[in-house]
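Single-structure report; data block below.
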2 protein chains.
Amino acid sequence: MSPREKIISFYHAHRRMPSYSELLPLLNYHSKSAVAYAVKKLIREGVISKDDQGRLIPNTTLEEVRVLGLVEAGFPSPAEEELADTMNLDEYLIGNREATFMLKVKGDSMIDAGINEGDMVLVERGLEPKSGDIVIAEVDGAFTMKYYRKKAGRVYLEAANKCYKPIYPKNELRITAIVKAVIRKY
Amino acid sequence: MSPREKIISFYHAHRRMPSYSELLPLLNYHSKSAVAYAVKKLIREGVISKDDQGRLIPNTTLEEVRVLGLVEAGFPSPAEEELADTMNLDEYLIGNREATFMLKVKGDSMIDAGINEGDMVLVERGLEPKSGDIVIAEVDGAFTMKYYRKKAGRVYLEAANKCYKPIYPKNELRITAIVKAVIRKY
DNA sequence: ATTATATTAGAACAAACGTTCTAATGTCAA
DNA sequence: TTGACATTAGAACGTTTGTTCTAATATAAT
């Protein structure tokens with residue numbers, strides 16, 4: 001296990017960077033100056049960084065994922081791999097964390113929109129739905145995921161599956177949340 | 001802006017929790033004991049926590065998303081909402097961060113698998129593909145995303161789109177990475 | 001073996017840390 | 001107004017922080 005990996009696992013276990021004292025046993029040293037020396041090396045290598053007060057802060061690569069271009073473009077050669085942009089999944093997917101929830105998808109009503117049973121959807125509450133949004137709606141006491149459509153002032157729900165007919169709500173139509181992202185894990 | 005939101009934004013800006021001194025201006029206090037008092041309250045409310053040495057650590061809700069059950073089950077009433085499980089997107093989606101990359105999908109060859117053009121895929125390098133995996137493959141110098149199939153010892157690539165025919169590699173077939181997750185943002 | 005260099009141990013240091021005490025102030029009900 | 005309580009300011013405390021120095025040791029080349 002490299003020093004880098006040890007620090008990363010400490011960071012994820014404690015949700016903060018280790019102090020020099022905590023790095024002593026972690027990096028198998030017996031003096032803080034040895035740690036200081038090792039830390040300087042890691043900083044030179046771009047593994048970690050320091051803030052203006054000397055505290056260690058995680059480098060972006062500790063939390064971010066490298067983003068490449070298109071599938072067709074494929075992977076760059078190791079030489080140019082440094083040019084790759086990085087992205088934080090959390091920041092990318094979550095706007096208002098307080099209002100964001102994750103739901104597991106049941107059924108096949110949105111299969112033509114590429115949302116399959118078992119997928120996870122990130123939904124956000126408290127937003128005003130626009131026509132064309134995918135929403136979580138409460139219809140007659142039950143929850144469903146459908147397209148939210150508004151045509152000629154009339155609101156209805158439409159599945160992304162030809163087997164299902166549009167739903168024209170009889171009573172009230174409560175839009176509980178709006179689907180912001182779909183996540184499928186293999 | 002509530003104290004909670006101030007701390008969260010500090011945490012995301014500095015990638016660590018603030019010290020008591022840093023909370024002074026943040027919470028508009030002029031003494032550390034006032035901060036200590038406020039921190040105790042926040043801890044009582046479950047907003048933040050402390051480790052065994054008194055340092056502030058972010059509560060799970062600072063980074064995690066609440067997970068509900070099925071779409072059909074919908075949202076629990078506010079009373080039982082505390083029961084909701086939480087999940088960290090990073091931990092959920094990323095196994096080996098060093099080997100993980102993100103690619104933007106071009107084309108419609110995997111549309112029947114629910115992967116559309118413009119989606120992002122999380123791929124991991126250095127894994128041995130199994131039959132049925134979705135992979136990024138280099139065929140004759142170009143990259144494509146296809147199903148990896150192995151039948152009777154023979155390896156070929158198959159699109160999830162009836163318009164495309166299976167690819168039986170003439171020369172070599174290089175599996176560059178395996179698709180671990182699909183992410184679509186609306 | 002000898003030299004030069006790189007690394008580590010150990011100690012000392014000022015600065016910053018969270019904690020805790022007293023005193024002052026603010027808040028609210030009676 | 002009075003009294004009870006909650007909150008804040010300010011100061012002092014012991015501890016831990018990162019830094020920096022010297023001395024000892026390891027490493028590698030000559």
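No hydrogens, no waters, no symmetry mates; every other heavy atom, side chains included, goes into these values. A, B, ... follow the sequence lines: proteins, then strands. Residue 1 opens every chain.
An OP1 or OP2 oxygen of dT8(D) is reached within less than 4.0 angstrom by a side-chain nitrogen or oxygen of Y29(B). Between dT16(D) and R55(B), no contact under 4.0 Å exists linking OP1 or OP2 to a side-chain N or O. The side chain of S33(B) places no N or O atom within less than 4.0 Å of a non-bridging phosphate oxygen (OP1 or OP2) of dT8(D).
Using a cutoff of 4.0 Å between basic side-chain nitrogens and carboxylate oxygens, R15(B) and E64(A) are scored as salt-bridged. A salt bridge between E158(B) and K151(B) is absent, with no side-chain N of the basic residue lying under 4.0 Å from a carboxylate O of the acidic one.
The interatomic distance linking K32(B) (NZ) with dG14(D) (P) rounds to 15 Å, in whole Å. Between the P atom of dA24(D) and the NE2 atom of H30(A) lies a distance of 19 Å, rounded to the nearest Å.
With R97(B) contributing its side chain and D90(B) its backbone, the two residues share no donor-acceptor pair below 3.5 Å.
With contacts defined as side-chain heavy-atom distances shorter than 4.5 Å, the pair I7(B)/L56(B) does not qualify.
If you check every strand for non-hydrogen atoms under 4.0 Å, K50(A) touches sugar and phosphate atoms only.
I111(B) and M120(B) fall into different hydrophobic clusters, where Ile, Leu, Val, Met, Phe, Trp and Tyr side chains are chained together by heavy-atom contacts under 4.5 Å.
Chain B approaches DNA chain C within less than 4.0 angstrom (heavy atoms of the protein), and the contacting nucleotides run 5' to 3' from dC17(C) to dC21(C).
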